[in-house]
Amino acid sequence: MASKNRDWADDDEGDEVTVELPPPQTIQNKDGTKTTITYRYNEEGQKVKTTRRIRLVTHREVVNPRVAERKTWAKFGVPEKEKDSPGPQMDTTSIGENIIFRLSTNWRQDTKDEAKDPNANAMKDKLKDKTVKCRICNGEHFTARCPYKDTMAPVGAEGAAGDVAAGMGDDLSAAQQGGPAGKKGSYVPPALRNSGGAAGEKMGGNKYGERDDFATLRVTNVSEMAEEGELRDMFERFGRVTRVFLAKDRETGLAKGFAFISFADRGDAVKACSKMDGYGFKHLILRVEFAKKAA
Amino acid sequence: MRPILLSGHERALTQIKFNPDGDLLFSVAKDQQICVWYSHNGERLGVYKGHQGAIWTVDVDPTSTFIASGSADNTIRLWEIKTGRCLKTWDFLTAVKRVEFSEDGRQLLGVTEKRMGHLGTIVVLNITPDVDAEQSDEREMTIVCGESKATVAGWSYLNKYIIAGHEDGSVSQYDGKTGELLDNVPLHDLQVTDLQWSPDRTYFITASKDKTARLTAARNLEPLKKYTADTPLNSACITPKKDFVILGGGQAAMDVTTTAARQGKFEARFYHKIFVDEIGRVRGHFGPLNSVAAHPTGKGYASGGEDGYVRVHHFDKGYFDFMYEVERERQNRL
């Protein structure tokens, strides 16, 4: 639209406020640069001062005269349309996507790292607010890595539940006394581990299995799109959830349709089981029951 | 690095070539025409029309006046670069797989195919370096390759030798004047697919179907370096300015349809010329690379693929800055 006929949508306040702007300044600096200062009003009517330092560099390129001459040649053998229009033609010449090309002696390793990164980061994000806690000594490592795993029962299991700190001292000595095999590094069958002591009390059953299954719910008919976090949020309403396991397809990353939720307290689990069975979640009706003990 | 894609051909590229100044890029394909492009922006300058069969090869003379092309229509043709005029046609009994001008531009060699009872030959033609002159019809020399047909050939420094790569993987050295066979060395296990020269033509690189490329001295065919890839190679070139070589290849064209682009290894591979390490790859083609050519000033390279595209790359600063630790130390000492 012509500048005289301003569009009705244009802001015409501009005319009123541009009155008192100081004139733009240009200062020649000693180091060969130029400083220009300009003033303007921004959209909120505030005065804005813009200072620019500019260095002018003349870049001269010497072109081989033969090359320069060839650039003036007329096109031949090409379609008429192409002949008349200078410059690259759309139908024969295009610009490809940007290629990151970095030379490196260990480029193979670099590219592998890049490929791995997204997965690694996603995993990191997932684990960010989860702390590793050993079931045996409450330390910040995996239970499998616990230095006391051969000598101590898990926290919460009968027998060793007593006091952890005191147990540690005992453990070290126990480790030194060793099982029948003697050396610490060598394999000791579970039955022979920690000979005497608390072993008898654990005989009653599988220590992990029993404890877990006791308050673990099996949730089936879970949507493919479900995330562990969502399940955790849903079930946390009923009590402290110690573990959420959502079975996922290894390749597609989609949920397989079932999950296990472990509660800290069996009472909460019972409550959750009755409330959540038949609950509608992502177009599907959840089926919740107590997990059966693994064979 | 943003490559320029040239899509002037409808079929697989067979060879691409820069002129000595590097401002023009010639491309030939199986679609019977030769295209010439400005390498800096990818603008097409012209198309040379006249061949009646797939074109296998093209070469530019040292003054950028003529190009020669060899085709499956059993001819070598000489063209004027500026106008696209066909100046001369030499007829042969079989297809022409390779042409190359001598260093002074006064001779042209052609490699003819072994077919229909005819043995593969290397012919040498005299060229009169004048656009309007009548070109001689006579063959200056004909070398017959009895044992294994030549697939590629080229002129060494000062036109002293003709070096030829053969179907059985061997490389021979012929006298440039008499055509006498001086030496034959089994460098590769399988067919030699490309032979390109160092800027001074004292050594050359050969690419082969046996997944290796080799750097060899022209004087005595002494093996200098060996570059091992994981795919059959179709082309190899030496980059000026930086001590690299570029190898191009990929799954054989006939197996392409059964291969995913990622697994087809359709990438240009950069190796360090001296240290023989692979230092980078450039992907982009979705078919094997049939020809790679380094820009004569070393500031870029182009590749032509079975997919019908030519991709012209101009290197970024990082390419020129790349140095091995030992190279950097040496530079600092000097």
Side-chain angles (χ1 to χ4, degrees), chain A residues 55 57-120 122 250-253, chain B residues 1-9 19-24 33-50 63-64 80-85 242 244 268 270 272 275 277-284 309-313 315-316 318-325:
Chain A
R55 181 194 297 278
V57 182
T58 313
H59 183 78
R60 192 163 286 151
E61 201 177 343
V62 179
V63 179
N64 186 328
R66 294 192 302 266
V67 174
E69 196 236 314
R70 282 198 282 266
K71 281 184 185 163
T72 64
W73 283 359
K75 294 185 183 183
F76 58 88
V78 296
E80 282 303 320
K81 172 176 68 76
E82 189 176 331
K83 210 174 259 182
D84 304 330
S85 42
Q89 298 301 301
M90 295 281 280
D91 51 346
T92 54
T93 308
S94 53
I95 300 290
E97 66 191 78
N98 195 21
I99 293 176
I100 298 159
F101 178 48
R102 206 176 295 128
L103 293 174
S104 154
T105 44
N106 48 357
W107 69 273
R108 212 182 288 267
Q109 210 178 322
D110 293 350
T111 49
K112 237 178 237 169
D113 285 351
E114 270 168 35
K116 225 195 281 171
D117 259 350
N119 292 335
R250 198 182 299 164
E251 270 162 30
T252 61
Chain B
M1 186 166 73
R2 289 186 84 96
I4 305 172
L5 272 68
L6 311 180
S7 48
H9 294 285
N19 71 334
D21 290 321
D23 60 323
L24 300 178
Q33 57 184 28
I34 308 165
C35 289
V36 55
W37 313 81
Y38 289 114
S39 69
H40 68 287
N41 65 356
E43 182 181 356
R44 182 156 71 175
L45 169 63
V47 179
Y48 304 86
K49 286 175 182 156
T63 60
S64 298
E80 187 188 8
I81 292 179
K82 187 178 176 179
T83 58
R85 187 154 59 104
K242 296 294 281 182
F244 304 146
F270 284 71
H272 196 281
F275 298 114
D277 293 329
E278 185 167 353
I279 49 175
R281 282 187 190 184
V282 175
R283 63 188 166 71
Y309 281 94
V310 177
R311 297 172 75 96
V312 185
H313 306 74
F315 295 126
D316 294 331
Y319 169 88
F320 300 102
D321 291 345
F322 173 76
M323 245 188 257
Y324 270 64
E325 205 51 52

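Protein chains get the first letters and strands the later ones, always in sequence-line order, with residue 1 at the start of each. Quick caveat: nothing in here was measured; it's all calculated off a predicted structure.
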Tell me the closest heavy-atom pair linking D91(A) and S7(B), and the distance in Å. O-OG, 3.4 Å
With chain A, the option among L24(B), L6(B), T83(B) that has the most non-hydrogen atom pairs under 4.5 Å is T83(B)
Mind checking whether F101(A) and F270(B) have parallel, tilted or perpendicular rings, split at 30° and 60°? tilted
At a 4.5 Å cut-off on heavy atoms, which part of I81(B) comes close to chain A: side chain, backbone, both, or neither? both
Under a 4.5 Å heavy-atom cut-off, does chain A meet the side chain of R311(B), its backbone, both or neither? side chain
Contacting moiety of Y309(B), where chain A heavy atoms sit under 4.5 Å: neither
So, the part of D321(B) with a heavy atom under 4.5 Å from chain A: the answer is neither
When rounded to the nearest 0.5 Å, the distance separating CD of E325(B) from OG1 of T105(A) is 9.5 Å
Side chain, backbone, both or neither: which part of F275(B) has a non-hydrogen atom closer than 4.5 Å to chain A? neither
Taking the side chain as every heavy atom from C-beta outward, state whether L103(A) and F244(B) have any atom pair closer than 4.5 Å. yes
Decide yes or no on side-chain contact (heavy atoms from CB on, under 4.5 Å) for K82(B) and E69(A), but give the supporting numbers first. CA-CA 11 Å; K82(B) 187 178 176 179; E69(A) 196 236 314; 4.2 Å; yes
Considering only NZ, NE, NH1 and NH2 on the basic side and carboxylate oxygens on the acidic side, decide whether D21(B) and R70(A) come within less than 4.0 Å. yes
Checking K49(B) side chain against G77(A) main chain: does a donor-acceptor pair fall under 3.5 Å? yes
Nearest-0.5 Å distance, CZ of residue R283(B) to CD of residue E97(A): 5.5 Å
Taking the side chain as every heavy atom from C-beta outward, state whether P3(B) and I99(A) have any pair of such atoms under 4.5 Å apart. yes
Whatever's closer than 4.5 Å to a heavy atom in chain A on V36(B) counts as side chain
All heavy atoms of L45(B) vs all of W73(A), minimum pair found to be CD2-CE3, 3.8 Å
Any side-chain heavy-atom pair of P20(B) and R66(A) under 4.5 Å: no
Looking only at heavy atoms, which two atoms of P79(A) and R44(B) are closest? And how far apart? CD-NH2, 3.9 Å
Chain A contact via H40(B) - side chain, backbone, both or neither, heavy atoms under 4.5 Å: side chain
From CA spacing to verdict: side-chain contact (heavy atoms from CB on, under 4.5 Å), L5(B), T93(A): CA-CA 6 Å; L5(B) 272 68; T93(A) 308; over 6 Å; no
Under a 4.5 Å heavy-atom cut-off, does chain B meet the side chain of N98(A), its backbone, both or neither? both
Heavy-atom contact with chain B under 4.5 Å, split by part of Q89(A): neither
